[in-house]
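Below is one structure, written out as structure tokens; the observations come after it.
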Amino acid sequence: MTPPATSAVRVTRAEYCVIACAEAWRDNGEVLASPMGLIPSVGARLARRTFSPDLLLTDGEAMLVGLDGRPEGWLPYRRHLAMVTGGRRHVMMGASQIDRFGNQNISCIGAWERPDRQLLGVRGAPVNTLNNPVSYWVPKHSTRVFVPRVDMISGVGYDSAAAAGPSATRYHRIPRVVSNLGVFDFATPDHSMRLASLHPGVTPDEVREATGFELAVADGPAYTREPTPEELRLIREVIDPDGLREREVRP
């Protein structure tokens, strides 16, 4: 694994995370991008401005919006549901827990009958994961999040979808998991999680120590790619000029 070339302009860890999130929507075509969280939102907007111009962005309620955030179309709920159930949407959700097969938990910590901590509830995670591609964003990679088995399945992972049969696997896909340490996918024979790339400055040992299960590792895992000068300009001057990304992932 060769370290990335040094650049005259210092790129922060948060900006590498933005790039990694943006890449989730590469070659998606005309689908609805539904980023949940600050850095995924910056990433989706960057993808739309650069290599994925056909992406549809939403205000999260009832409008499709343009690059400047102004409404450019109406997205009634019935149309939104039609896109979801046909695989024409790519969500990037968060995860309080995620396991080696991509099962995600945002509902509770501990036994469901008497949890130690109540979280958001399953929300739309089951429908999202069974009906359209879902990626995940984890700002603080740790063994509390990357666990051997989630306490409750909210988002459906590869093993759970396979057990449910063809109706669950038709549109099910988890393109990537992005954390503050690297990028992960499920491109393994058994669809277990694999380390695909490290963010510059992170070592494989750091990732292993922060993960509660054994990770597959891509042959010579790469580093997350460098942003282009134009991408950096867009991130810093146009999309997130207040630098809010640096609060979510600190240097």
Verify the neighbour count for atom [atom1] of [X]: are there more than 12 heavy atoms of other residues, nucleotides or ligands below 6.0 Å?
{"X": "Arg149", "atom1": "CZ", "result": "yes"}
{"X": "Arg26", "atom1": "CZ", "result": "yes"}
{"X": "Glu214", "atom1": "CD", "result": "no"}
{"X": "Arg233", "atom1": "CZ", "result": "yes"}

Identify which one of Leu46, Val178, Val11 satisfies the side-chain contact (heavy atoms from CB on, under 4.5 Å) criterion when paired with Ile19.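 With Ile19 as partner, side-chain contact (heavy atoms from CB on, under 4.5 Å) holds for just one option, Leu46.
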Residue among Asp116, Asn105, Asp99, Leu119 satisfying side-chain contact (heavy atoms from CB on, under 4.5 Å) with Asp151: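 The single option meeting the side-chain contact (heavy atoms from CB on, under 4.5 Å) with Asp151 is Asn105.
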Distance check, rounded to the nearest 0.5 Å: [X] atom [atom1] versus [Y] atom [atom2]?
{"X": "Ser167", "Y": "Leu130", "atom1": "OG", "atom2": "CG", "answer": "8.0 Å"}
{"X": "Arg247", "Y": "Asp240", "atom1": "CZ", "atom2": "CG", "answer": "9.5 Å"}
{"X": "Trp137", "Y": "Leu38", "atom1": "CH2", "atom2": "CG", "answer": "9.0 Å"}
{"X": "Thr129", "Y": "Met93", "atom1": "OG1", "atom2": "CE", "answer": "7.5 Å"}
{"X": "Glu230", "Y": "Ile235", "atom1": "CD", "atom2": "CD1", "answer": "10.5 Å"}
{"X": "Leu120", "Y": "Cys108", "atom1": "CG", "atom2": "SG", "answer": "11.5 Å"}

Give a yes or no on whether a salt bridge exists between [X] and [Y], defined as a side-chain N under 4.0 angstrom from a carboxylate O.
{"X": "Arg245", "Y": "Glu248", "result": "no"}
{"X": "Glu15", "Y": "Arg236", "result": "yes"}
{"X": "Arg49", "Y": "Glu231", "result": "no"}
{"X": "Glu30", "Y": "Arg48", "result": "no"}

Could you check whether Arg89 and Asn128, counting side-chain N and O atoms only, form a donor-acceptor pair closer than 3.5 Å?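 Arg89 and Asn128 do have a side-chain donor-acceptor pair below 3.5 Å.
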Consider only side-chain N and O atoms of Thr211 and His141, and report whether a donor and an acceptor are under 3.5 Å apart.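 Present: a donor and an acceptor within the cut-off.
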Begin with the C-alpha distance, continue with both residues' side-chain angles, and end with the deciding distance and a verdict on side-chain hydrogen bond (donor to acceptor under 3.5 Å, both in side chains) for Glu246 and Thr12. CA-CA 8 Å; Glu246 304 299 336; Thr12 68; 2.7 Å; yes
Under a 4.5 Å cut-off applied to non-hydrogen side-chain atoms, are [X] and [Y] in contact?
{"X": "Met36", "Y": "Val91", "value": "yes"}
{"X": "Pro204", "Y": "Leu198", "value": "yes"}
{"X": "Ser41", "Y": "Met92", "value": "no"}

Look only at the side chain of [X] and the backbone of [Y], and say whether a donor-acceptor pair between them is shorter than 3.5 Å.
{"X": "Ser142", "Y": "Arg144", "result": "yes"}
{"X": "Gln104", "Y": "Ala125", "result": "no"}
{"X": "Asn103", "Y": "Val156", "result": "no"}
{"X": "Asp68", "Y": "Arg70", "result": "yes"}
{"X": "Arg176", "Y": "Tyr136", "result": "no"}

Using the rule given for side chain to side chain contact (heavy atoms under 4.5 Å, CB included), can you reason through Val122 versus Met152, listing the C-alpha separation, both sets of side-chain angles and the distance that settles it, and then say yes or no? CA-CA 9 Å; Val122 296; Met152 180 177 178; 3.8 Å; yes
With side chain to side chain contact (heavy atoms under 4.5 Å, CB included) as the test, would you mind laying out the steps for Ser52 and Asn28 before giving the verdict? CA-CA 7 Å; Ser52 292; Asn28 276 201; 5.6 Å; no
Glu23 vs Arg225, test: salt bridge (Lys or Arg N to Asp or Glu O under 4.0 Å). Steps then yes/no. CA-CA 10 Å; Glu23 286 289 339; Arg225 74 168 178 85; 2.6 Å; yes
Could you pull out the closest heavy-atom pair between [X] and [Y], with the gap in Å?
{"X": "Gly212", "Y": "Pro148", "answer": "O-CG, 3.1 Å"}
{"X": "Ala24", "Y": "His90", "answer": "O-CE1, 3.1 Å"}
{"X": "Ala33", "Y": "Trp25", "answer": "CB-NE1, 3.5 Å"}
{"X": "Gly157", "Y": "Ile174", "answer": "CA-CD1, 4.3 Å"}
{"X": "Thr169", "Y": "Ala161", "answer": "CG2-O, 3.5 Å"}
{"X": "Ala210", "Y": "Leu181", "answer": "CB-CD1, 4.0 Å"}

For residues [X] and [Y]: do they belong to one hydrophobic cluster (side chain heavy atoms under 4.5 Å, members Ile, Leu, Val, Met, Phe, Trp, Tyr)?
{"X": "Tyr223", "Y": "Leu215", "value": "yes"}
{"X": "Val138", "Y": "Ile106", "value": "yes"}
{"X": "Val42", "Y": "Leu244", "value": "yes"}
{"X": "Ile239", "Y": "Val249", "value": "yes"}
{"X": "Leu195", "Y": "Val202", "value": "yes"}

I would like to know whether Asp205 and Thr203 meet side-chain hydrogen bond (donor to acceptor under 3.5 Å, both in side chains); could you show each step before the answer? CA-CA 5 Å; Asp205 284 344; Thr203 68; 5.4 Å; no
Ring centroid separation for Phe186 and Tyr158, is it under 6.0 angstrom?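 Centroid distance Phe186-Tyr158: below 6.0 Å, so yes.
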Near-ring test Phe101/His191, centroid separation under 6.0 angstrom: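 For His191 and Phe101, the ring centres are not under 6.0 Å apart.
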Verify side chain to side chain contact (heavy atoms under 4.5 Å, CB included) between Gln97 and Ile109, making sure each step is shown before the conclusion. CA-CA 9 Å; Gln97 292 179 328; Ile109 302 299; 3.8 Å; yes
In terms of relative ring orientation, are Tyr16 and His199 parallel, tilted or perpendicular, with 30° and 60° separating the classes?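 The rings of Tyr16 and His199 lie parallel, inter-plane angle below 30°.
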Where does the angle between the aromatic ring planes of Phe146 and Phe184 fall among parallel (under 30°), tilted (30 to 60°) and perpendicular (over 60°)?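 Phe146 and Phe184: tilted rings.
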Would Leu32 and Thr58 satisfy side chain to side chain contact (heavy atoms under 4.5 Å, CB included), going step by step from the backbone distance to the final call? CA-CA 7 Å; Leu32 182 66; Thr58 174; 4.0 Å; yes
Would Ser197 and Thr224 count as a side-chain hydrogen bond (donor to acceptor under 3.5 Å, both in side chains) here? Give the steps. CA-CA 6 Å; Ser197 74; Thr224 303; 3.2 Å; yes
